[in-house]
Number of protein chains: 4
Amino acid sequence: MVQSHPRRRSAAAHRAILEAVRDLLLESGYERLSMDGIAARAGVGKQTLYRWWPSKAAVVAEATVAGLVWNGGGEVPETGDVAVDLRAWLTVLVESTAERASLVRALISASADDRGEARRLYLRFTGPHRDAVLARLRRGVDSGQVRPDADLDAVADACVGTLLFQVLTDNENHSASRLDGLLRLLLPGLLVHPRTTGAPEPPGDHH
Amino acid sequence: MVQSHPRRRSAAAHRAILEAVRDLLLESGYERLSMDGIAARAGVGKQTLYRWWPSKAAVVAEATVAGLVWNGGGEVPETGDVAVDLRAWLTVLVESTAERASLVRALISASADDRGEARRLYLRFTGPHRDAVLARLRRGVDSGQVRPDADLDAVADACVGTLLFQVLTDNENHSASRLDGLLRLLLPGLLVHPRTTGAPEPPGDHH
Amino acid sequence: MVQSHPRRRSAAAHRAILEAVRDLLLESGYERLSMDGIAARAGVGKQTLYRWWPSKAAVVAEATVAGLVWNGGGEVPETGDVAVDLRAWLTVLVESTAERASLVRALISASADDRGEARRLYLRFTGPHRDAVLARLRRGVDSGQVRPDADLDAVADACVGTLLFQVLTDNENHSASRLDGLLRLLLPGLLVHPRTTGAPEPPGDHH
Amino acid sequence: MVQSHPRRRSAAAHRAILEAVRDLLLESGYERLSMDGIAARAGVGKQTLYRWWPSKAAVVAEATVAGLVWNGGGEVPETGDVAVDLRAWLTVLVESTAERASLVRALISASADDRGEARRLYLRFTGPHRDAVLARLRRGVDSGQVRPDADLDAVADACVGTLLFQVLTDNENHSASRLDGLLRLLLPGLLVHPRTTGAPEPPGDHH
DNA sequence: ATCTAATCGAGACGGTACGTCGGGTCTTCAT
DNA sequence: ATGAAGACCCGACGTACCGTCTCGATTAGAT
């Protein structure tokens with residue numbers, strides 16, 4: 001379909017590029033991805049690529065945020081019990097990460113590559129996950145389950161950071177265990193009435 | 001113990017290479033570091049580099065391990081109060097990381113680049129820090145301050161992971177705050193008698 | 001006629017490369033000539049070199065053909081006397097070769113290096129010289145001076161071969177003498193009436 | 001067997017090296033021959049190689065002259081008829097060269113590589129052939145068949161040069177024809193009574 | 001319907017770095 | 001005290017990408 005304004009042609013190219021990135025990432029990984037390769041696969045001139053994105057990291061970020069690459073994990077369930085919901089969210093996050101560890105590693109590389117892009121990747125890639133869990137925790141504060149003075153950002157960063165650390169150290173098979181342990185440790189400090197969860201008993205109830 | 005490589009390896013070349021890596025990392029970062037550059041700076045043939053290390057990540061790992069890059073932070077104070085000691089350790093860790101953020105970024109890159117090397121970096125680079133804090137926590141268990149069923153590895157990984165995550169997202173000025181928030185959240189789950197710390201008061205169910 | 005390569009080849013780069021080859025050959029000879037060196041001197045990427053020429057021998061061949069290296073000697077004088085003209089041509093050829101012996105050595109090397117290129121060098125480099133002398137000899141046949149059954153190719157190859165052999169064996173100061181001796185030996189077999197030349201008298205069996 | 005004097009061990013090494021050169025030349029040609037390869041094949045340290053020969057060209061020259069590589073062609077038959085003997089010699093020379101054209105090319109490369117070695121190669125490699133034919137021609141002078149004023153060196157160089165030129169231009173299938181044509185052209189100038197040969201009729205015999 | 005100007009694909013360009021090979025020198029160790 | 005083994009520095013190899021820069025061809029909108 002031909003659009004009236006010539007600039008509209010770029011829409012097809014734009015889409016072709018993001019799809020090429022997705023395909024090539026799945027086929028060979030971030031390391032072997034090249035701007036030349038993307039252009040060739042997308043049937044696009046390299047100029048067109050560089051017109052819109054400054055670097056490999058940037059175009060990967062865009063493909064990511066466009067939902068073509070990692071579209072899962074943005075939702076946190078809402079059962080009414082913060083502890084149950086957090087545990088469910090972490091389970092999904094661990095599985096989602098395990099399935100695309102190489103992509104996560106790719107994004108870490110991209111992030112470390114380009115300090116300017118790092119911020120954008122942070123916002124686009126991990127942002128939605130952090131936002132979702134923060135929103136859930138804030139609703140927990142509103143409902144009185146979560147202590148209002150708890151540092152919710154610290155909870156989110158500890159979860160994401162622990163997960164990234166496992167990926168980074170090729171220790172992914174411990175991710176679920178570590179996050180479970182972490183959650184058990186966090187809940188007493190996070191919740192107003194921690195005993196209602198599967199967390200360790202609050203102090204003073206034993207001996 | 002016998003070296004894994006055949007003998008007669010040049011100690012001078014070895015040392016010159018590790019020093020060149022350190023210098024170049026500090027000057028320009030991991031991304032701009034090249035095998036050519038290392039060889040040139042060290043006054044060494046590229047063959048010598050490739051004879052002993054398979055990749056840039058590997059030689060960066062070795063330079064790290066040799067203590068030339070991040071040799072501090074292996075100690076955790078012992079005042080008798082686990083909470084105080086943890087806080088002190090985290091403070092030192094944050095400062096030490098801030099001082100060499102570019103090197104930490106280099107190590108993260110190396111880790112993400114080379115999955116094989118990632119494990120070595122994990123064991124050798126973050127290992128000492130993790131070991132130190134784990135040892136301190138275990139002594140806390142022995143002295144009855146720390147709950148014996150707490151997942152101590154989760155504590156260590158959450159702290160290190162949170163810190164690395166801040167570095168990765170160029171968010172270092174929040175590192176101290178995040179780790180303080182995290183520690184306050186963890187202590188109630190970690191300690192037998194959390195009230196003795198600066199952590200938020202548990203929810204009121206104590207006498 | 002359409003270029004075999006796709007269009008848009010850079011004329012400036014092409015010329016710069018051939019000039020660099022010429023200069024470097026004159027400075028250091030074929031053996032010390034390198035693709036790296038050519039690229040650096042020409043201010044050209046190595047890829048550009050390899051895009052258009054498969055080997056050092058090929059680019060040397062092209063530089064030759066471009067007339068930048070050995071552009072003289074393509075003419076044979078026409079006085080009406082074949083013997084005189086051949087002698088004059090050989091004199092010029094010997095001098096021309098002596099002046100650029102190192103380039104001739106380079107061409108011999110290129111030829112020996114690369115069997116595929118050898119043929120091109122044969123056709124393009126020595127070809128003009130051979131063609132010129134063959135044309136002169138054929139006119140001699142037409143005018144009745146040269147025996148029609150003489151193997152003219154053999155004459156040309158013997159002259160060029162003798163000359164190259166002297167160069168190859170670093171025996172150039174005998175080139176003139178050898179070719180003079182050769183010509184005297186050839187003329188009796190070549191000419192219908194050899195006595196008109198400066199060649200040694202045939203053995204006395206002529207009236 | 002162990003000799004009393006350590007230097008004697010070198011004899012075995014020396015021989016092993018020359019044999020390795022022969023084998024490797026036959027297997028892969030001069031271009032792919034390397035000092036490393038020779039040392040490895042001969043079971044000899046590189047130092048031992050460099051102790052005795054300064055370059056690849058030199059050791060190839062030695063292997064040649066040792067008769068390991070090109071041991072044929074040194075003889076010229078003596079039937080009493082110079083023309084017949086020359087023709088026979090050229091036939092053998094052409095065949096011998098055709099069988100090892102790649103070696104001849106190698107020697108040309110070596111010669112052009114190393115101007116210092118060129119002279120030695122000349123003496124060792126083509127020398128015997130030239131000497132043999134010159135000796136035969138001189139005997140022809142003595143017997144009155146060959147004109148005493150003929151430039152015998154020019155004959156030898158023209159034959160060898162023509163042959164090398166054919167090899168160099170990958171034109172070997174014409175070698176026999178060219179040398180036959182050359183010989184027919186030379187004989188009238190070379191012999192006292194040229195009509196006794198298969199050379200073209202001397203001038204004046206036709207019409 | 002023709003012209004004009006923007007934009008496209010294609011890919012050549014100057015570069016940097018890659019990982020490998022070979023050259024010639026120097027050192028170690030076993031004989 | 002020799003000689004194999006091979007590490008060393010060096011330089012070149014040929015390839016892969018980088019990001020920039022033309023080329024024509026295509027085509028949309030103005031004439």
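Just so we're on the same page: letters track the sequence lines, and every chain starts at 1. Computed from a predicted structure; not experimentally measured.
As rounded to whole Å, 14 Å separates atom P of E:dA17 from atom CG of B:Leu49. The nearest whole Å value for the distance from the CZ atom in A:Arg41 to the P atom in E:dG9 is 16 Å. Between A:Leu24 atom CG and F:dC17 atom C1' there is a gap of 14 Å when expressed in whole angstrom units. One atom, CD1 of A:Ile38, and another, P of E:dG9, lie 14 Å apart when rounded to the nearest Å.
Partners of D:Lys46 under the salt bridge (Lys or Arg N to Asp or Glu O under 4.0 Å) rule, at least two apart in sequence or in another chain, are D:Asp36. Scored by the side chain to side chain donor-acceptor pair (under 3.5 Å) test, A:Glu31 finds no partners at all (sequence neighbours excluded). Evaluation of the side chain to side chain donor-acceptor pair (under 3.5 Å) rule for A:Glu27 yields A:Arg41 as partners, not counting sequence neighbours. Looking at residues two or more places apart in sequence or on another chain, you find a side chain to side chain contact (heavy atoms under 4.5 Å, CB included) between B:Ser28 and B:Arg32. Scored by the side chain to side chain contact (heavy atoms under 4.5 Å, CB included) test, D:Leu26 finds D:Arg22 as partners (sequence neighbours excluded). Qualifying side chain to side chain donor-acceptor pair (under 3.5 Å) partners for B:Ser10, counting only residues two or more places apart in sequence or in other chains: none. Applying the side chain to side chain contact (heavy atoms under 4.5 Å, CB included) criterion to B:Ala110, with sequence neighbours excluded, gives B:Tyr30, B:Ala57, B:Val60, B:Leu121.
Axis deviation across the helix from E:dT4-F:dA28 to E:dT31-F:dA1 amounts to 10°, comparing end segments of five pairs, rounded to 10 degrees.
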Using a cut-off of 4.0 Å between protein heavy atoms and nucleotide atoms, how would you tag nucleotides 8-13 of chain F 5' to 3' with B, S and -?
BSB-SB
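To the nearest 0.5 Å, atoms CH2 (D:Trp52) and CD (D:Gln47) are separated by 11.0 Å.
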